[in-house]
Amino acid sequence: MSNSTTDPTTLEEQPITDPARWRLWLEQHGTWPSDQILDIGARYLARNRGGTNTGLLIIGNVGCGKTYLMKLIARKIEHCEWIEASRLPALYKADEEAFRDRIENRRFSLMDVDRDNQNRVYTPSALIIDDIGAETKCNNYGAVVEPIAEALAIRSSFRDEWQQPLLMTSNLPLSHPDPNVVSITSRYGERTVSRIRGLCWIVNAKGGDRRGQDLTEL
């Protein structure tokens with residue numbers, strides 16, 4: 001586990017594109033289950049703060065630190081919305097238009113005013129979907145719908161200048177040789193996996209469930 005006591009002034013002296021800067025920041029703001037999950041966060045924040053809009057999919061076992069890391073990444077990404085994947089089916093079933101608006105996660109900025117037509121222009125912002133694969137499928141008038149596949153279709157259809165990071169976590173492996181093991185590929189299909197690859201860096205976080213390991217006994 002990391003337990004840095006580095007002087008905060010050292011952090012500010014590091015370039016924003018240097019993973020070492022973000023490793024220090026993460027060490028100062030959390031207790032980490034493994035160096036690997038810490039390094040994933042440091043490398044991603046360095047690239048993100050350097051200007052890239054590519055997202056991130058972290059795959060790993062329950063309790064390995066995926067969600068914990070995403071919560072800290074969210075603190076450094078402006079205009080970021082968090083959605084639990086388990087909530088998407090209910091939102092989709094209740095109102096498809098509201099579902100699309102939530103996934104598009106559009107925001108208004110004075111910088112985006114269409115001055116010729118005097119219209120407000122809304123642009124998408126970053127979105128985090130936690131624990132994909134935990135959600136149920138939807139029965140939409142007899143048709144089975146995967147809300148995550150729908151969400152990814154929406155995000156991947158944005159124009160290049162609209163693209164903002166899409167960050168996700170999942171307990172499911174990306175693929176698996178055993179057809180009896182549910183994977184992201186077997187559940188959502190090759191088309192959706194292709195969209196993920198176009199939107200996100202995909203990383204595997206190793207390690208088991210570390211929740212509660214630092215709690216002292218009564």
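Computed over heavy atoms, backbone and side chain alike; hydrogens, waters and symmetry mates excluded. On a predicted model such as this, the values are computed, not experimentally measured, just so you know.
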### Message
Within this structure, what is the CD1-OG1 distance for the pair Ile129 and Thr169, rounded to the nearest 0.5 Å?
### Response
9.5 Å
### Query
Can you find a pair of side-chain heavy atoms, one from Asp101 and one from Arg106, that are under 4.5 Å apart?
yes
### Message
Less than 4.5 Å apart, side chain to side chain, heavy atoms only: is that true for Glu150 and Glu96?
### Response
no
### Task
Can you see which heavy atom on Gln163 is nearest to which on Phe158, and at what distance?
NE2-O, 3.3 Å
### Message
Could you check, using the six-membered ring where one of them is a Trp, whether Trp22 and Tyr44 have ring centers closer than 6.0 angstrom?
### Response
no
### Closest non-hydrogen atom pair between Gly65 and Pro33, with its separation
CA-CG, 4.1 Å
### Task
Begin from the C-alpha positions of Asp130 and Met70 and carry the test side-chain contact (heavy atoms from CB on, under 4.5 Å) through to its verdict.
CA-CA 8 Å; Asp130 189 39; Met70 284 297 189; 5.5 Å; no
### Message
Could you report the tightest heavy-atom contact between Pro173 and Ile59, atom names first, then the distance?
### Response
CA-CG2, 4.0 Å
### Task
Would you check, one step at a time, whether the test side-chain contact (heavy atoms from CB on, under 4.5 Å) holds for Cys200 with Met168?
CA-CA 9 Å; Cys200 303; Met168 301 182 290; 4.1 Å; yes
### Task
Inspect the contact between Asp35 and Arg23 and indicate whether a charged nitrogen and a carboxylate oxygen are less than 4.0 angstrom apart.
yes
### Query
Just by distance, with hydrogens left out, do Thr54 and Thr52 show a side-chain donor and acceptor under 3.5 Å apart?
yes
#### Entry: Full working for side-chain hydrogen bond (donor to acceptor under 3.5 Å, both in side chains) between Asn61 and Lys66
CA-CA 9 Å; Asn61 293 328; Lys66 305 183 300 297; over 6 Å; no
### Query
Would Thr67 and Asp131 satisfy side-chain contact (heavy atoms from CB on, under 4.5 Å), going step by step from the backbone distance to the final call?
CA-CA 8 Å; Thr67 299; Asp131 202 13; 5.8 Å; no
### Task
Could you state whether Leu166 and Ile103 fall into the same hydrophobic cluster, counting links through intermediate Ile, Leu, Val, Met, Phe, Trp or Tyr residues with side-chain heavy atoms under 4.5 angstrom apart?
yes
### Task
For Ser170 and Ile132, work out which heavy atoms get closest and say how close.
OG-O, 2.8 Å
### Flag side-chain contact, heavy atom, 4.5 Å: Pro89 against Thr136
yes
### Query
Going by the salt bridge (charged side-chain N to carboxylate O under 4.0 Å, His left out) test, which pairs reach into residues 182-205, not counting sequence neighbours?
Glu135-Arg187, Glu146-Arg187
### Minimal non-hydrogen separation, Leu88 against Ile83, with atom names
CD2-CG2, 3.6 Å
### Message
Quick check: closest heavy atoms across Arg49 and Ile77, and the distance to 0.1 Å?
### Response
NH1-CA, 4.4 Å
### Message
Quick one, Ile128 with Cys80, criterion side-chain contact (heavy atoms from CB on, under 4.5 Å). Give me CA distance, side-chain angles, the key distance, then yes/no.
### Response
CA-CA 7 Å; Ile128 295 178; Cys80 182; 3.7 Å; yes
